[in-house]
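Report on one structure; see the data block that follows.
Lettering of chains follows the sequences in order, A, B, ..., and the numbering in each one begins at 1. No hydrogens, no waters, no symmetry mates; every other heavy atom, side chains included, goes into these values.
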2 protein chains.
Amino acid sequence: MRFSHQREVIKEILYATNSHPTADWVFSKVRMSIPSISLGTVYRNLKQLDYLGVIKTIYDGPITRYDWNNEPHDHFKCKKCGALVDVALSDSSIKENIKDKFNFKVDDVEITLIGTCNKHLKINK
Amino acid sequence: MRFSHQREVIKEILYATNSHPTADWVFSKVRMSIPSISLGTVYRNLKQLDYLGVIKTIYDGPITRYDWNNEPHDHFKCKKCGALVDVALSDSSIKENIKDKFNFKVDDVEITLIGTCNKHLKINK
DNA sequence: ATATTAATAGTAATAATTCCTATTACTATT
DNA sequence: AATAGTAATAGGAATTATTACTATTAATAT
């Protein structure tokens, strides 16, 4: 795969946010520095970056998002505001336990916590 | 909400399969008994059945599927054939453990196992 | 039985994503 | 440095999934 300025910019934009943006959001951002870029190029490169393991595609219900954080981690989804936040299950043995419970060959365990984020709580812990 | 023959048939079709069908699959099935039904009716009723808690909408990557099994359970996704299979994490304390680990108010823990299903193994356990 | 009005069929509209093709621009080789 | 080969892009058309709109149909209360 040869060098592409567009792909570099898309990658930089993703790595500069924790907000798990959609393709459209990335598109509007890249346009600021490359006004001529097309949405197809954004989609194509996001797919390639995912294929390269540089980013990770995440499916937030029916919404497709992109995450620079390609380390194994999980997500917390807020029912109220829709925010999707990275979380780390400190005890990774949880996943190993789950893996062992099945006859299937389990490579990965994806966990999403659903709830309400601190923003909506009157009193924080 | 008043009675609708269409909704009843949609419900029966869902309850007769374990395959987590898409709206389109349901549409093609209902057509066999109600040829005049429209796709919009299928979508509307699937949404209502979900709202009533009679079925559950599940997001399998970018694909929206419907599941009659509204009991808490999780899924196994096969990388090879794309099959999505219901699984029960027998030890429900796993989820409680996870809930306790976070400051957020966690209502639910969704777990998806990713791997290869038995169909593709030369020798089964 | 009839009136009321929610639900439907059929179609148009929207949104997200992929596909297609002529043009552009990397890169290896002179 | 110029050129040839070809991968990547821009722009737009096409596709797919889903929702919205509206005239008609049918469930239910009276």
5'-most contact on DNA chain D (nearest-nucleotide basis), B:I63 vs A:N45, goes to A:N45

Among A:I10, A:N45, A:T41, whose side chain to side chain contact (heavy atoms under 4.5 Å, CB included) with A:V30 holds? A:I10

Pairing partner (Watson-Crick or G-U wobble, both distances under 3.5 angstrom) of D:dA2: C:dT29

Compute whether any side-chain donor of one residue and acceptor of the other, for B:D67 and B:H73, lie under 3.5 angstrom apart. yes

Can you tell me which nucleotide in D:dT9, C:dT27, C:dA9 comes closest to the side chain of A:R44? D:dT9

Could you work out which one of D:dT9, C:dA6, C:dT8 sits closest to the side chain of A:T41? D:dT9

Under 4.0 angstrom between A:K47 side-chain N/O and C:dT18 OP1 or OP2: yes

Separation of D:dA26 atom C1' from B:I34 atom CD1, nearest Å, is 13 Å

Take atom CZ of B:R2 and atom C1' of D:dA27, then tell me their distance rounded to the nearest Å. 4 Å

Would you say B:R31 and B:S28 are linked by a side-chain donor-acceptor pair, where the criterion is simply a distance under 3.5 Å? no

Tell me, with the steps shown, if A:D86 and A:H20 meet side-chain hydrogen bond (donor to acceptor under 3.5 Å, both in side chains). CA-CA 9 Å; A:D86 285 354; A:H20 308 99; 2.6 Å; yes

Separation of C:dT17 atom C1' from A:R65 atom CZ, nearest Å, is 16 Å

Whole angstrom is fine here: how far is it from CZ in B:F3 over to P in C:dT8? 10 Å

Please give, in whole Å, the distance from D:dA26 P to B:E8 CD? 17 Å

Using a heavy-atom cut-off of 4.0 Å across all strands, would you classify A:L39 as base, sugar-phosphate, or nothing? base

Think A:S4 has a side-chain N or O under 4.0 angstrom from the OP1 or OP2 of D:dA7? no

If pairing requires Watson-Crick or G-U wobble contacts with both distances under 3.5 Å, which nucleotide is the partner of D:dA8? C:dT23

Is there a side-chain polar atom (N or O) of B:Q6 under 4.0 Å from OP1 or OP2 of D:dA26? no

Could you state the CH2-P distance from A:W25 to C:dA16, rounded to the nearest angstrom? 16 Å

Among the nucleotides D:dA10, C:dA9, D:dA27, which one has an atom lying closest to any side-chain atom of A:I37? D:dA10

For B:F27 and D:dT16, what is the distance between atoms CZ and P respectively, to the nearest whole Å? 15 Å

Phosphate-side-chain proximity, A:S38 and D:dT9, N/O vs OP1/OP2 below 4.0 Å: no

Which one, D:dT18, D:dA10, C:dA6, comes nearest to the side chain of B:T64? D:dT18

For A:D24, report the nucleic acid contact type (base, sugar-phosphate, nothing); a contact means any heavy atom under 4.0 Å. nothing

Does the pair A:L113 and A:D74 meet the rule for a side-chain contact (heavy atoms from CB on, under 4.5 Å), with working shown? CA-CA 8 Å; A:L113 312 179; A:D74 296 286; over 6 Å; no

Answer yes or no: does a side-chain N or O of A:Y43 lie under 4.0 Å from OP1 or OP2 of C:dT17? yes

